[in-house]
Protein chains: 2
Amino acid sequence: MSLIPDISPLTLNRLSVYLRCLRILEAEGETKVSSGALADRFELSPAQIRKDLAHFGEFGVRGVGYDVESLGAHLHELLGLNAQHNLVVVGIGNLGSALCSFLGFNDSSFRVVAGVDADPERVGKQVGDITVQPLEALETVVESAGIEMGVLTIPPEAATQCYERLVASGIRSILNFAAVQLPHRSDVRVKNVDFRVFLEELAFFRRDPS
Amino acid sequence: MSLIPDISPLTLNRLSVYLRCLRILEAEGETKVSSGALADRFELSPAQIRKDLAHFGEFGVRGVGYDVESLGAHLHELLGLNAQHNLVVVGIGNLGSALCSFLGFNDSSFRVVAGVDADPERVGKQVGDITVQPLEALETVVESAGIEMGVLTIPPEAATQCYERLVASGIRSILNFAAVQLPHRSDVRVKNVDFRVFLEELAFFRRDPS
DNA sequence: CCATGTGAACAAATTCACAGCA
DNA sequence: TGCTGTGAATTTGTTCACATGG
């Protein structure tokens with residue numbers, strides 16, 4: 001079906017946003033929505049919505065708009081959410097725990113199936129659905145639980161080593177919350193998330209305009 | 001001094017990244033760095049580094065490069081990090097707690113000075129430097145502690161109401177982790193962070209290319 | 001010399017505006 | 001009529017290549 005052309009990261013992230021918006025409308029009982037209505041409701045650009053969607057076929061009906069449910073289903077599939085993605089969370093501090101519980105009741109595209117921590121105090125703890133295992137078990141766990149994505153929620157000093165171990169275990173998709181530059185590998189996709197960048201963006205607009 | 005021209009969000013976020021890189025080099029004892037060396041080390045583009053920095057004056061020395069310490073200081077100031085920014089965290093679950101402790105030992109540009117939660121079980125708990133206070137105390141706390149930024153780490157149902165209360169208390173900068181569309185106000189800056197968007201970006205590149 | 005700073009060339013992304021279809 | 005889908009126009013962002021100056 002959908003032979004997907006090249007897609008920019010900006011467009012890709014907007015598709016996630018659109019999907020979120022559609023789910024909200026769906027919960028409100030809406031069945032049809034136009035690009036203009038979507039844009040008004042969620043502060044988006046109608047032309048951009050249409051452009052973004054048009055890359056992947058003709059999902060809308062002229063004069064009417066889009067079917068909330070079927071467009072949602074299309075985006076869901078397009079984003080690779082039909083498959084279930086098993087995750088391991090490395091570092092079960094507060095942030096790691098937050099992700100474990102967050103991805104418990106989620107719509108099951110993502111599921112944390114294991115969590116490991118270097119701290120013996122934390123090993124054995126129950127967080128969301130999982131029991132914390134020792135860091136040494138990382139490779140074993142990845143292989144036995146069919147894990148395909150790793151989440152790094154550990155201090156920066158430990159991040160690179162854990163990254164190497166995840167990659168050596170066959171993981172090719174990593175969400176990294178540690179503020180370090182992980183070594184680049186063309187076959188591994190890393191998504192870096194740095195909270196300080198978000199805060200600094202807010203701080204910039206509060207600076208003294210001297 | 002620095003009369004700052006308009007700056008794109010992309011450039012702004014890169015400045016944060018540059019600052020992070022400079023701090024690492026500083027810790028390693030480097031005193032000078034060229035755009036090329038920075039780019040090699042951190043997988044950036046040398047021309048872009050120069051363009052980005054050149055917006056704000058001539059920080060480099062031709063034939064030499066940039067002074068790690070003084071460029072760091074410039075960026076620090078430029079990003080509004082000389083001032084201390086007091087934050088309130090609304091919702092002290094795992095994610096809220098993570099932010100409280102994360103911004104404990106930080107370099108003091110950002111400080112969580114208060115945390116509130118609707119759950120009586122959590123009120124009185126000690127997290128990082130702060131003692132959790134009841135949600136009702138939100139306005140009082142904001143006004144008495146000189147708070148200028150709010151962080152929303154609460155379930156989506158509660159987010160809009162807390163947003164309104166933060167804004168009514170005078171807060172104009174908000175970091176929002178709840179997956180809702182907060183009402184737009186031209187005088188309030190909201191930075192939305194949605195973990196699912198990050199995960200879906202990774203999932204997209206794992207989808208079945210049918 | 002060597003690396004910055006910068007205008008000019010290029011590329012990407014967004015918006016416009018309208019043809020085409022239910 | 002009304003909204004999609006889309007080429008064309010515009011704006012924004014990136015890269016190139018070189019003149020400039022320590």
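Labels below follow one simple rule: chain letters A, B, ... track the order of the sequence lines, proteins then strands, and each chain is numbered from 1. When reading the values below, keep in mind they use all heavy atoms of this one structure, side chains included, and skip hydrogens, waters and symmetry mates.
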List in numerical order all residues of residues 30-40 of chain A for which some heavy atom is under 4.0 Å away from an atom belonging to DNA chain D. S34(A), S35(A)

Residues from residues 6-25 of chain A lying under 4.0 Å of DNA chain D - heavy atoms: none

Please report the distance, rounded to the nearest Å, between CZ in F59(A) and C1' in dC3(D). 17 Å

Tell me the ring-ring contact (aromatic ring centres under 6.0 Å, His included) pairs involving residues 78-99 of chain A, sequence neighbours left out? H85(A)-F110(A)

Side chain proximity check, L166(A) to V188(A), heavy atoms < 4.5 angstrom: no

Using a cut-off of under 3.5 Å, enumerate the N/O to N/O pairs linking the protein to nucleotides 19-22 of chain D.
unit_1	atom_1	unit_2	atom_2	d
dT20(D)	O2	R62(B)	NH1	2.5

For T140(B), check side chain to side chain contact (heavy atoms under 4.5 Å, CB included) against everything at least two apart and list the hits. none

Does OP1 or OP2 of dG5(C) have a side-chain N or O of Y66(B) closer than 4.0 Å? yes

Residue E164(A) excluded, over 12 heavy atoms near CD under 6.0 Å: yes

Could you tell me whether D187(A) atom CG has more than 12 heavy atoms of other residues or ligands within 6.0 Å of it? yes

Does the side chain of L135(A) come within less than 4.5 Å of V90(A)'s, by heavy atoms? yes

Tell me, with the steps shown, if N94(B) and T153(B) meet side chain to side chain contact (heavy atoms under 4.5 Å, CB included). CA-CA 9 Å; N94(B) 280 314; T153(B) 46; over 6 Å; no

Give every pair of a protein N or O atom and an N or O atom of nucleotides 15-18 of chain C that lie under 3.5 Å apart, one pair per line with the distance.
unit_1	atom_1	unit_2	atom_2	d
dT15(C)	OP2	S45(A)	OG	3.4
dT15(C)	O4	K51(A)	NZ	2.8
dA17(C)	N6	R50(A)	NH2	3.3

For Y18(A) and D52(A), does a side-chain donor sit closer than 3.5 Å to a side-chain acceptor? yes

Please name the pair of heavy atoms, one in L19(B) and one in G72(B), separated by the smallest distance, quoted to 0.1 Å. CD1-O, 3.6 Å

Using atom NE2 of H55(B) as one end and atom P of dG7(C) as the other, report the distance to the nearest whole Å. 11 Å

Atom CZ of residue position R172(A) - does it have more than 12 heavy atoms of other residues, nucleotides or ligands inside 6.0 Å? yes

Carboxylate-amine/guanidinium contact R20(B) E200(A), below 4.0 Å: yes

Run the salt bridge (Lys or Arg N to Asp or Glu O under 4.0 Å) test on E28(A) and R41(A) for me, step by step, so that the C-alpha distance in whole Å, both residues' side-chain angles and the decisive distance to 0.1 Å come before the verdict. CA-CA 13 Å; E28(A) 291 172 0; R41(A) 175 76 195 283; 2.9 Å; yes

Do the side chains of L99(A) and F195(B) get nearer than 4.5 Å, heavy atoms only? yes

When rounded to whole Å, the CD to C1' distance for the pair E58(A) and dC21(C) reads 10 Å

To the nearest angstrom, how far is D52(B) atom CG from dA3(C) atom C1'? 17 Å

Taking atom P of dT4(C) as reference, at what distance in whole Å does atom CD1 of I49(B) sit? 9 Å

